[in-house]
Participant: 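This is the structure I have questions about; it appears just below.
Residues: numbered from 1 along the sequence shown. As the structure lists them, so they are numbered: ligands from 1, and atoms in each ligand from 1.
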Amino acid sequence: MNDCIFCKIVKGEIPSQKVYEDEEMLIFKDIAPIAKIHLLCIPKEHFAYLSELNDGRRALLGRMIEKIASLQAELGLKDGYRLVVNQGDSAGQTVKHLHIHILGGETLPWG
Ligand code: AMP
Ligand code: ZN
């Protein structure tokens with residue numbers, strides 16, 4: 001999508017601090033962290049909402065979560081982490097390209 005900031009990150013048109021990349025997903029540092037460790041995991045394919053899942057995207061979402069779990073220690077999250085997916089304006093979704101927030105590195109609310 002032309003005006004999507006995360007698509008621009010995928011295409012390398014704006015910089016990001018990548019910590020993991022493969023052919024279908026990217027994990028990079030959030031530009032305005034709200035936790036000591038705050039990463040975003042995004043699919044390279046543009047879609048905004050969980051309501052747009054189809055078979056392929058559902059499987060991809062599973063692989064994204066599996067990848068995050070497999071990188072837990074490498075990402076500095078061995079003491080625990082939280083995954084958050086904001087959906088829609090009232091949930092505070094500002095970027096309409098699906099993303100999983102990965103939060104950790106300190107005691108979080110509910111912790
Ligand atoms: P959300 O509010 O769930 O849509 O989250 C969007 C997140 O994207 C926010 O935490 C922003 O700080 C983050 N963000 C926006 N622009 C960038 C960028 N260029 N690089 C990294 N993170 C970004
Ligand atoms: Zn996008």
Participant: Any idea which atoms of ligand 1 are less than 4.0 Å away from a heavy-atom of H101?
Facilitator: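 Listed by number with element: 1 (P), 3 (O), 5 (O), 7 (C), 10 (O).
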Participant: Starting from atom 2 (O) of ligand 1, find the nearest protein heavy-atom neighbour and note its residue, name and distance.
Facilitator: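 Checking every protein heavy atom, the shortest distance to atom 2 (O) of ligand 1 gives G92 O, 2.6 Å.
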Participant: Tell me the protein heavy atom at minimum distance from atom 16 (N) of ligand 1, and give that distance in Å.
Facilitator: I5 CD1, 3.9 Å
Participant: Of all the atoms in ligand 1, which lie at a distance below 4.0 Å from a heavy atom belonging to A32?
Facilitator: 12 (O)
Participant: Determine, considering heavy atoms only, which of H99, K96, H97, K29 sits nearest to atom 1 (P) of ligand 1.
Facilitator: H99
Participant: Salt bridge check, E21 against K18: does any charged N sit closer than 4.0 Å to a carboxylate O?
Facilitator: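 E21 and K18: salt-bridged.
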Participant: Do V85 and Y20 sit in the same hydrophobic cluster, where Ile, Leu, Val, Met, Phe, Trp and Tyr count as joined when their side-chain heavy atoms come under 4.5 Å apart?
Facilitator: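 V85 and Y20: one cluster.
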Participant: Using only N, O or S atoms, tell me which atom of H46 is closest to the Zn ion (ligand 2).
Facilitator: ND1
Participant: Does ligand 1 have any atom sitting under 4.0 Å from a heavy atom of S16?
Facilitator: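 Contact absent.
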Participant: Is any side-chain heavy atom of L40 closer than 4.5 Å to a side-chain heavy atom of I100?
Facilitator: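 A side-chain contact under 4.5 Å is absent here.
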Participant: For the salt bridge (charged side-chain N to carboxylate O under 4.0 Å, His left out) test, which of R57, K67, R63, K44 pairs with E24?
Facilitator: R63
Participant: Nearest to atom 7 (C) of ligand 1 by heavy atom, N86, I31, D30, V84: which?
Facilitator: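 Going through N86, I31, D30, V84 one by one, D30 has the nearest heavy atom to atom 7 (C) of ligand 1.
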Participant: With a 6.0 Å cut-off on the ring centroids, do H101 and H99 count as close?
Facilitator: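 Distance test on ring centres: under 6.0 Å, yes.
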Participant: I want to know if ligand 1 touches L40 in the polar sense, i.e. an N/O pair below 3.5 angstrom.
Facilitator: no
Participant: Please say whether V95 places an N or O atom under 3.5 Å from an N or O atom belonging to ligand 1.
Facilitator: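 Right, the criterion is met.
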Participant: Linking I/L/V/M/F/W/Y whenever their side-chain heavy atoms sit closer than 4.5 Å, directly or via other members, would I68 and V84 fall into one cluster?
Facilitator: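 Different clusters: I68 never reaches V84 through Ile, Leu, Val, Met, Phe, Trp or Tyr contacts under 4.5 Å.
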Participant: Using a heavy-atom cut-off of under 4.0 Å, does the side chain or the backbone of I9 touch ligand 1, or both, or neither?
Facilitator: side chain
Participant: What protein heavy atom sits nearest atom 8 (O) of ligand 1, and how far off is it?
Facilitator: F6 CZ, 3.5 Å
Participant: Kindly say whether G88 contributes a backbone atom to a donor-acceptor pair with the side chain of Q93 at under 3.5 angstrom?
Facilitator: yes
Participant: Counting only heavy atoms from other residues, nucleotides and ligands, does the tally under 6.0 Å from CD of E74 exceed 12?
Facilitator: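 Result for CD/E74: open.
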Participant: Looking only at protein heavy atoms, which one is nearest to atom 4 (O) of ligand 1, and what is the separation?
Facilitator: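 So the nearest neighbour among protein heavy atoms is T94 N, 2.7 Å.
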Participant: Looking only at N, O or S atoms, which one in H97 sits nearest to the Zn ion (ligand 2)?
Facilitator: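 The closest N, O or S atom of H97 to the Zn ion (ligand 2) is ND1.
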Participant: Can K96 and D89 be counted as an ion pair, charged N to O under 4.0 angstrom?
Facilitator: yes
